[in-house]
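The structure under discussion appears below in the form of structure tokens.
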Amino acid sequence: MTKSTITSDAIIKKLEGRLTDFGTDAKTTNVGRIEKLGDEVVVASGLSKAVMGEEVEFQDGTLGLILELNEDTVSIVLLGKSTILKEGDSIKTTGRILSVIADDKLLGRVVNPLGIPLDGKDEIKKGKQMRLERVAAGVVDRQKVDTPLKTGIKAVDALIPIGRGQRELIIGDRGLGKTAVAVDTIINQAKLNKTLSKNQKRVLCVYVAIGQKQSTVARVMQTLQEAGALEYTVIVAANASDSAALQYLAPYAGVAIAEYFMEKGEDVLIIYDDLTKHAFAYRQISLVLKRPAGREAYPGDIFYLHSILLERAVRMNDRLGGGSITALPVIETQADDISAYIPTNVISITDGQIFLKSDLFNSGIRPALDVGNSVSRVGGDAQTKAMKSVAGKIKLELAQYRELAVFAQFGSELDESTTRQLERGKRLTEILKQPQYNPLPEELEVASIWVVANGYTDDIPVNDLRDFEDKYHDYLKAHAKKLLETLATGAKLTDETNAELQKQTEAFKKGFKK
Amino acid sequence: MTRKQLQILVEQSYTGHSLDGAKVEQLTSKLSHKDLRGYIRLLKKREQEQQVHVALPVASVYNQNVNKVLLEVFPDKEILIEEDALLLLGAKITANDMVYEMSLRSRLEDFIEKVEQLYD
């Protein structure tokens with residue numbers, strides 16, 4: 001947008017025009033006064049024409065949000081910090097339902113749920129006003145989820161594939177790598193965006209930080225910046241020191257921004273990190289508003305809080321632009337308990353979950369995916385044919401390995417086929433490990449899984465497998481570019497492709513040294 | 001006492017449109033501390049609803065014609081005139097929780113806001 005300037009002469013001319021045209025139309029404002037103030041909630045009288053979810057302005061300029069309409073009072077949560085508001089101060093309605101300004105310039109920026117920048121750069125004043133609360137797209141407006149969203153994490157892309165428009169929950173205890181999975185997915189989208197082919201669409205990202213430490217958000221921002229992913233990402237942050245109202249609004253602001261891009265036909269990935277803290281913030285607000293407390297002191301509409309948010313993840317039909325929003329909500333559990341109140345709520349809303357388990361993490365399996373309890377309800381529809389052909393094989397083998405693993409302690413007393421299965425399972429588990437901030441392109445994922453699933457690593461010690469994989473990738477990039485291009489198309493592995501993979505693998509193995 | 005009961009007490013405290021002191025004494029003599037607080041709050045609200053505050057840049061502008069128009073718009077209300085030179089021109093009317101801005105000052109403020117929004 002070009003910068004518009006206006007001279008003082010033009011302003012004066014407009015003013016003179018307004019003076020001659022001074023009409024009698026009245027501007028009406030609905031006002032009220034503070035009756036009670038405490039715990040970031042204001043009870044006000046007046047405001048008889050206020051509507052639910054309307055923004056109000058206090059006399060010191062602080063904004064508030066109407067969350068309750070009573071018979072002759074109105075309950076308002078403060079959206080900013082104010083130390084000078086007192087009983088009797090005036091409030092006026094703004095006529096605006098709470099919205100955030102969305103624009104392409106938001107990419108690369110860090111903002112709070114009201115759109116105020118947190119990265120020290122200029123405020124974005126012009127753009128489309130996107131309401132924070134909107135009704136999700138209807139059934140007829142959607143289309144089937146059948147386009148993969150590649151995370152670059154082998155275990156996820158192979159066993160728990162995610163499609164564009166899906167909701168996939170990331171759940172686990174603290175410190176197990178939930179945010180790492182989310183950040184790696186964002187980094188992978190940035191890598192893919194830079195190497196798009198003709199019929200591929202880029203994926204923009206929105207990372208919503210709810211109740212996080214500011215140092216954590218700063219670290220995520222820096223990681224994304226170093227990986228070249230920040231230019232495709234909007235970070236919406238309501239930190240731990242922000243009010244409960246801002247933490248409550250953060251995910252809705254994030255999805256409103258995501259909807260702006262989706263309505264332009266873009267594919268968007270949104271990460272809510274995390275919805276547990278979101279539930280805490282909503283509980284706090286509800287208790288202060290004296291709403292009846294239910295199980296674990298949560299209000300009765302705690303399920304609705306998350307369902308209305310996650311239903312806005314959608315894949316729109318082509319008539320409406322074909323854009324999509326893929327949601328990766330994060331939930332923190334305590335002691336791996338996925339049967340607690342909030343986790344079960346969100347599990348029942350989403351289209352699958354990626355369950356990270358602490359004993360797997362502690363035994364060195366990272367990402368600590370519990371393949372048995374993780375699922376993607378979209379499944380193979382969100383996988384390329386290439387990945388499907390290698391992943392189908394290892395799913396079964398891993399399931400059999402898990403069943404047999406209990407017999408591992410009787411190593412010397414097992415028959416040959418059981419031992420072989422155990423060894424294969426160990427190698428499959430090892431190949432699915434992946435360092436952080438290192439998402440892989442799909443062709444290398446397929447190659448890695450293929451080589452293990454077809455037994456080419458049965459004679460490689462398990463501890464050497466990661467080194468084998470790294471060198472194998474380097475070898476393929478140097479000597480088998482055409483093969484990698486074929487795998488990158490995602491087409492089903494033909495006999496020729498399999499033969500080429502076999503040839504390259506055998507050639508590599510001859511020269512492989514530990 | 002419930003809020004509705006206190007509301008009825010407040011209505012009974014009026015003779016016509018004016019607050020009757022004797023009635024107030026009689027009705028409130030037996031009220032508890034809590035009910036008296038509720039009664040006073042509702043009474044203040046009722047009084048506020050009865051009044052219309054009209055702010056003018058110069059009080060002398062207010063005349064019989066203006067009074068007639070205001071009484072047509074706000075029947076059975078008490079019209080209170082205030083002087084506020086900052087309005088420049090026009091008037092600002094506050095009726096209960098509605099504020100009707102018809103002043104030049106308000107127009108200029110809106111204009112400034114629009115210019116700030118549209119131009120860098």
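Chain letters run A, B, ... following the sequence lines, proteins first and then strands; every chain starts at 1. Bear in mind that the values here come from a model prediction, so they are computed numbers and not experimental data.
A salt bridge between B:Arg3 and A:Glu71 is present, with a side-chain N of the basic residue lying under 4.0 Å from a carboxylate O of the acidic one.
Around atom CD of B:Gln64, no more than 12 heavy atoms belonging to other residues, nucleotides or ligands sit under 6.0 Å away. Residue B:Asn63 places its CG atom among more than 12 non-hydrogen atoms of other residues, nucleotides or ligands, all under 6.0 Å distant. When the shell of 6.0 Å around CD of B:Glu72 is examined, it contains more than 12 heavy atoms from other residues, nucleotides or ligands. Within a 6.0 Å sphere centred on NZ of A:Lys36, heavy atoms belonging to other residues, nucleotides or ligands number 12 at most. Heavy-atom neighbours of B:Arg46 CZ from other residues, nucleotides or ligands within 6.0 Å: above the threshold of 12.
At a threshold of 4.5 Å between non-hydrogen side-chain atoms, the residues B:Met98 and A:Asn30 count as touching. B:Lys45 is listed as a side-chain neighbour of A:Asp72, based on a closest heavy-atom distance under 4.5 Å.
The heavy-atom pair separating A:Lys49 from B:Asp97 by the smallest distance is N-OD2, 4.5 Å.
Residue B:Lys92 does not touch chain A at all, counting heavy-atom pairs closer than 4.5 Å.
Rounding to the nearest 0.5 Å gives a distance of 11.0 Å between NZ of B:Lys44 and OG of A:Ser45.
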